[in-house]
Amino acid sequence: MHNSLKSLNPSIVEEFANQLRGETVLQTDERYDEARRVYNAMIDKHPGMLVYCHDVTDVSATVNFARENKLLLAIRGGGHNGGGLGICNDGIVIDLSRLKNVRVDTRDQTVRVAGGNVWGEVDHVTHSYGLAVPAGIISTTGVGGLTLGGGVGYLSRKFGLTIDNLLEADMVLADGSLVTTDKDHHPDLFWAIRGGGGNFGVVTSFKFQAHPLATVIGGPTLWPIEQTEKIMAWYDQFIHEAPEDLNGFIATMVIPGDPFPPELHNKQFCGIVWCYTGDKDRFEDVFKEVRSKHPVFEMVGEMPYPAIQTLFDGLLPPGLQFYWRGDYFKDLGPEIRATHCKFGSIIPTPLSQMHLYPISGAAARVGNSDTPWAYRDAKYAGVIVGIDPDPANATKITQWCKSYWEALHPYSAGGSYSNFMMEEGQERVRACYQHNYARLLQVKKKYDPDNLFRVNQNIRAS
């Protein structure tokens with residue numbers, strides 16, 4: 001059980017707010033509705049207070065205040081959290097979006113990133129040094145949420161998941177204390193945060209290994225939706241045998257408009273969005289098999305790495321209605337391919353889509369127990385997402401997403417990438433972590449025995 005902020009004496013709340021260097025927003029404040037708004041407009045929660053932390057001391061003080069007053073506590077890093085787990089009802093929200101700093105150390109090509117940064121801000125700085133950190137596919141994604149969940153994206157085959165490149169983290173624990181964790185300091189905690197989500201504390205700073213990378217060759221190729229089964233069968237064989245410099249996620253999608261030619265608009269397609277990190281003189285040879293499959297459209301070219309990270313930013317601004325479901329898959333067998341063709345042919349709104357991200361190369365060379373990310377032996381992390389700007393279409397996109405997922409799930413590996421989950425219940429959380437759940441629970445009991453950090457894909461005993 002937890003208290004509502006309204007049940008506290010106002011003088012206690014005022015005293016707490018006065019000790020902070022950051023800003024607090026209460027339900028009575030003029031900007032409250034703006035402050036409580038999150039990326040996914042389908043989420044409509046009303047916290048008692050939001051705290052825009054100025055520094056780590058503010059974070060620690062807010063954790064202590066929430067614990068001492070038995071308030072529900074949510075952590076918002078400044079990015080997406082499509083499942084709405086960066087906010088809560090009645091309790092208190094720690095907002096890290098003002099904790100921003102990106103610093104590159106050229107001596108060892110490492111990058112320190114504050115807990116409130118988004119990936120576009122990281123890419124902007126690292127690119128000027130000719131470096132990149134593996135992340136997702138959208139630059140407005142928060143560093144904290146993506147990292148703590150795992151981090152699948154364009155560079156996974158070449159450099160691994162984001163968590164495979166995490167070297168260190170500064171954290172505020174449930175008792176308000178501050179620790180630095182790495183492979184030699186609190187190694188159990190360091191293991192747990194590389195995929196175990198926000199269950200163990202508030203990460204205020206990350207240290208990543210970056211990699212030399214200035215430009216990539218990338219972009220989409222498209223085939224008519226009727227060719228989905230054929231293209232997926234080929235892709236399932238091709239992508240895992242291709243050089244690790246080549247990555248590409250396969251999708252079912254509707255072409256919404258510019259910059260695509262008019263004859264493609266509002267039609268369903270099977271698409272692959274490519275990203276090649278290797279020697280550009282070898283690209284044509286690597287890519288010739290793709291072209292042999294005769295895509296009806298290709299927009300693939302050389303660009304700065306930050307540019308491919310922003311390809312979809314304009315299509316997916318804050319304030320859309322989102323509903324998503326995910327699963328891991330160990331192959332793209334005939335039943336799976338047929339299901340994708342069926343539901344890809346009835347995509348309900350122009351922005352709704354399905355993605356399958358390959359797990360191979362560097363991402364697959366990490367053991368299933370080396371991090372909490374328990375599906376290194378899967379071949380794909382899949383997500384189905386219903387998206388539309390109009391709240392009137394919320395039911396339509398949700399039903400399509402659920403029906404699509406229910407048809408696919410029997411052929412899945414059984415669990416989901418935690419960053420592709422809504423609030424789906426404890427059984428799904430356990431399936432996400434498989435054999436690693438028991439170990440995560442032990443770390444949880446050690447660092448957060450009272451489950452203060454529970455507004456997440458929660459690790460709990462029952």
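No experiment lies behind these values; they were computed from the predicted model shown.
Contact annotation: the side chain of Leu351 never approaches that of Met253 to less than 4.5 Å [non-hydrogen atoms, C-beta and beyond]. Gln321 is listed as a side-chain neighbour of Ile397, based on a closest heavy-atom distance under 4.5 Å. Residues Phe269 and Leu264 meet the side-chain proximity criterion, which asks for heavy atoms closer than 4.5 Å.
In this structure, the separation between CG on Leu332 and CD on Gln237 is 11.0 Å, given to the nearest 0.5 Å. The structure places CG of Leu148 at 9.5 Å from CZ of Phe200, a figure rounded to the nearest 0.5 Å.
Ring centers of Phe208 and Trp119: under 6.0 Å apart, within the cut-off.
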Q) Could you walk me through whether Asp331 and Lys379 pass the salt bridge (charged side-chain N to carboxylate O under 4.0 Å, His left out) check? A) CA-CA 6 Å; Asp331 59 51; Lys379 295 296 186 187; over 6 Å; no
Q: Begin from the C-alpha positions of Tyr404 and His340 and carry the test side-chain hydrogen bond (donor to acceptor under 3.5 Å, both in side chains) through to its verdict.
A: CA-CA 8 Å; Tyr404 198 157; His340 284 304; 2.7 Å; yes
Q) Can you list the steps and then say if Asp450 with Lys445 is a salt bridge (charged side-chain N to carboxylate O under 4.0 Å, His left out)? A) CA-CA 8 Å; Asp450 297 321; Lys445 288 177 177 177; over 6 Å; no
Q | Residues Glu424, Arg325; criterion salt bridge (charged side-chain N to carboxylate O under 4.0 Å, His left out); working and verdict | A | CA-CA 9 Å; Glu424 298 175 28; Arg325 287 288 182 91; 3.7 Å; yes
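Nearest heavy atom pair, residue Lys207 against residue Leu166, reads O-CD1, 3.5 Å.
Among residue pairs with one or both ends in residues 345-370, those qualifying as salt bridge (Lys or Arg N to Asp or Glu O under 4.0 Å) are Glu244-Arg365; sequence neighbours excluded.
In this structure, Arg439 forms a cation-pi arrangement with Trp191, its terminal cationic atom sitting closer than 6.0 Å to the ring centre and no more than 45° off the ring axis. Phe287 does not carry Arg291 over the face of its six-membered ring by the limits of under 6.0 Å from the centre and within 45° of the normal.
With hydrogens and angles disregarded, no donor-acceptor distance shorter than 3.5 Å links the side chain of Trp324 to the backbone of Val383.
Ionic pairing of Lys158 and Asp245 is present here: one or more N-O contacts between side-chain nitrogen and carboxylate oxygen are shorter than 4.0 angstrom.
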